[in-house]
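Keep in mind it's a predicted model, so treat the numbers as computed, not measured.
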Amino acid sequence: MVQYATSMQDLAKSLARVLVRKLGHKDSEIIKEICNDSSSCFLRLNHYPSCQISQEIFGLVPHTDSDFLTILHQDEVGGLQLMKDNKWVAVKPNQNALIVNIGDLFQAWSNDVYKSVEHRVMANGKMERFSIAYFLCPSYDSLIGSCNEPSIYKKFTFGEYRYQIQQDVKLIGHKNTIENVIKEPRFNEFL
């Protein structure tokens with residue numbers, strides 16, 4: 001697992017550098033600085049048991065990822081869906097490929113050039129499903145601003161953002177979108 005996580009971290013940082021260069025940012029190593037060795041990156045092993053109750057049972061509710069990038073390796077069962085043009089679109093499973101999702105932090109940092117994709121996982125009625133997700137995250141005290149000024153987002157730390165997500169889940173039962181969290185005045189209460 002350590003070797004896999006290290007490989008995913010190297011891949012995630014390489015992909016992030018490419019995306020940073022595509023934005024025209026002069027310092028493509030900025031992500032390496034933000035997501036340094038003391039970062040809070042993590043690997044999640046997902047198991048979704050088969051569910052014969054209903055075709056509409058979530059394995060994972062609709063959400064966006066709170067990180068910079070997520071690299072997902074899924075099995076052949078399927079169930080991952082992305083929101084596109086206000087419709088859920090199934091992602092054809094390919095166990096020999098990796099899926100890369102932009103996360104909320106990259107959306108804020110890129111000034112909405114890159115968008116965090118809402119996605120969900122639907123349970124399978126006959127087969128269990130497995131996936132491995134690697135999340136490229138900064139340290140909790142890393143300040144997230146914009147790569148270009150003027151920024152459409154207020155500056156915040158990853159720790160503040162994670163705290164706000166936890167509060168949203170307690171209060172409203174789900175994570176709020178990055179646009180609502182960062183632009184709402186209540187975000188400033190703990191800045």
Point to revise | side chain to side chain donor-acceptor pair (under 3.5 Å) partners for Q166, two or more places apart | key: none
Review point. Which distance, rounded to the nearest 0.5 Å, do you find between the CG of L69 and the CD of Q9?
Key: 12.0 Å
Review point. F58: what forms a ring pair (Phe, Tyr, Trp, His ring centres under 6.0 Å) with it, not counting sequence neighbours?
Key: none
**Study point:** D10 vs K13, salt bridge (Lys or Arg N to Asp or Glu O under 4.0 Å): CA-CA, chis, key distance, verdict
**Key:** CA-CA 5 Å; D10 293 345; K13 287 182 177 180; over 6 Å; no
Exercise for review: Please name the residue in the list F158, Y161, Y163 that meets the ring pair (Phe, Tyr, Trp, His ring centres under 6.0 Å) test with Y140.
Suggested key: F158
Point to revise | Linked hydrophobic residues, F42 as query - side chain contacts closer than 4.5 Å | key: F135
Study note, to complete from the structure: For K22, the salt bridge (charged side-chain N to carboxylate O under 4.0 Å, His left out) test, sequence neighbours excluded, returns none
Could you go through residues 72-83 and list every donor-acceptor pair under 3.5 Å that involves a side-chain atom there, pairing it with any protein atom two or more places apart or in another chain?
residue	atom	partner	partner atom	Å
H73	NE2	Q95	O	2.7
Q74	OE1	R129	NH2	2.4
D75	OD1	V77	N	3.0
D75	OD2	F130	N	2.7
Q81	OE1	R120	NE	2.6
Q81	OE1	R120	NH2	2.7

Point to revise | Any D168 side-chain heavy atom under 4.5 Å of H174 side chain | key: no
Study note, to complete from the structure: The ring pair (Phe, Tyr, Trp, His ring centres under 6.0 Å) partners of Y114 (sequence neighbours excluded) come to F106
**Study point:** Of all pairs that satisfy salt bridge (Lys or Arg N to Asp or Glu O under 4.0 Å), the ones with a partner from residues 89-109, not counting sequence neighbours
**Key:** D104-K175
**Study point:** Residues in side-chain contact (heavy atoms from CB on, under 4.5 Å) contact with L171, at least two apart in sequence or another chain
**Key:** none
Study note, to complete from the structure: Taken in chain and number order and not counting sequence neighbours, the residues that satisfy ring pair (Phe, Tyr, Trp, His ring centres under 6.0 Å) with H63 are H119
Point to revise | Minimum heavy-atom distance L105-S66, with the two atoms named | key: CG-O, 3.3 Å
Review point. So, do I71 and L11 sit near enough that their side-chain heavy atoms are less than 4.5 Å apart?
Key: yes
Check your understanding: Among all residues two or more places apart in sequence or in another chain, which pass the salt bridge (charged side-chain N to carboxylate O under 4.0 Å, His left out) test with D67?
Key -> none
Practice item. State, yes or no, whether a side-chain contact exists between L15 and V100 at a heavy-atom distance under 4.5 Å. Key: yes
Practice item. Go through the structure and list residues passing side chain to side chain donor-acceptor pair (under 3.5 Å) with N46, not counting sequence neighbours. Key: S131
Practice item. Can you measure from OG (S50) to CD (E128) and round to the nearest 0.5 angstrom? Key: 7.0 Å
Check your understanding: Which heavy atom in G103 sits nearest to a heavy atom in S116, and how many Å separate them?
Key -> C-OG, 3.5 Å
Exercise for review: Could you tell me which residues satisfy side chain to side chain donor-acceptor pair (under 3.5 Å) with S151, sequence neighbours excluded, listed by chain and number?
Suggested key: none
